[in-house]
Amino acid sequence: MDLLVKRKEDYEAELAHNSDKSEMLTLYKELTAKWETLQAGRKAQDPQGMEPLIKKMEKDSKELASIEKQLADLRDKENEMKHRIHPFRDYMKEYDMLKMREEKLDQLLESVEIAKAAEQEKIPHIQGKIASLSKRCNSYVRNCCMDSETAERS
């Protein structure tokens, strides 16, 4: 505490000898007094001085309420759209599954057609073999029949 008292006395002595610092302290005290007076005047200001601020605040409140209502309406519409879209999502999933099945069936059909074409290419060769075997069988049967006729005649 003694230290603070000594510092105060030193500052006061310095202020007494330095006119610039003394004038600055005086101006600071005046400015502080004016500021306090201004603050007190604002606090004691009549309600009519506050009227424009109150009106602006009411207007802003109404605008805010309107915006909040619009926001609530938009959220309601969003929810309604979500409920409407939900069945379409199910249809899209079903469509995607059907599309995959169709692609698999197309692949299967293509492989069947390839196998059919390969079998179709083999048909002439097999028919040729059948014709050849048929001729051989006919010729064998004729030879057998001839041999038996010849054996009967003898």
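Index from 1, following the sequence.
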query = Hey, mind stepping through Lys104 and Leu108 against side-chain contact (heavy atoms from CB on, under 4.5 Å) and telling me if it holds?
reply = CA-CA 6 Å; Lys104 287 180 182 178; Leu108 179 64; over 6 Å; no
request  = Check the pair Glu80, Lys77 against salt bridge (charged side-chain N to carboxylate O under 4.0 Å, His left out), reporting the backbone distance first and the verdict last.
outcome  = CA-CA 5 Å; Glu80 181 183 338; Lys77 286 180 182 178; over 6 Å; no
inquiry  = Test side-chain contact (heavy atoms from CB on, under 4.5 Å) on Lys69 and Asp73; report intermediate values, then the result.
reply    = CA-CA 6 Å; Lys69 184 177 179 343; Asp73 290 345; 3.4 Å; yes
request  = Please report the C-alpha distance between Asp2 and Lys6 in whole Å, then the side-chain angles of each, then the deciding distance to 0.1 Å, and finally whether the salt bridge (charged side-chain N to carboxylate O under 4.0 Å, His left out) criterion is met.
outcome  = CA-CA 6 Å; Asp2 292 336; Lys6 174 137 176 51; over 6 Å; no
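Residues Ser66 and Gln70 meet the side-chain proximity criterion, which asks for heavy atoms closer than 4.5 Å. Between Arg136 and Leu133 the shortest side-chain heavy-atom distance falls below 4.5 Å. Put simply, the side chain of Met81 reaches to within 4.5 Å of the side chain of Arg84, judged on heavy atoms.
We find the CG-CG distance between Asn143 and Asn138 to be 10.5 Å, quoted to the nearest 0.5 Å. Between the NZ atom of Lys56 and the OG atom of Ser61 there is a distance of 10.0 Å, given to the nearest 0.5 Å. Within the model, atoms CG of Leu71 and CG of Asp76 stand 9.5 Å from one another, a figure rounded to the nearest 0.5 Å. Rounding to the nearest 0.5 angstrom, the gap separating the CD1 atom in Ile114 from the CG atom in Leu109 is 10.0 Å.
Between the Thr37 side chain and the Ala33 main chain, a donor and an acceptor come within less than 3.5 Å of each other. At distances below 3.5 Å, not a single donor-acceptor pair connects side-chain atoms of Ser134 with backbone N or O atoms of Ile130.
Annotation for Glu110: atom CD does not count as buried by contact number, only 12 or fewer foreign heavy atoms lying within 6.0 Å.
Ion pairing between Lys82 and Glu78 holds under the 4.0 Å rule for side-chain N and carboxylate O. Taking the charged nitrogens against the carboxylate oxygens, Glu103 and Lys99 have no contact shorter than 4.0 Å, which rules out a salt bridge.
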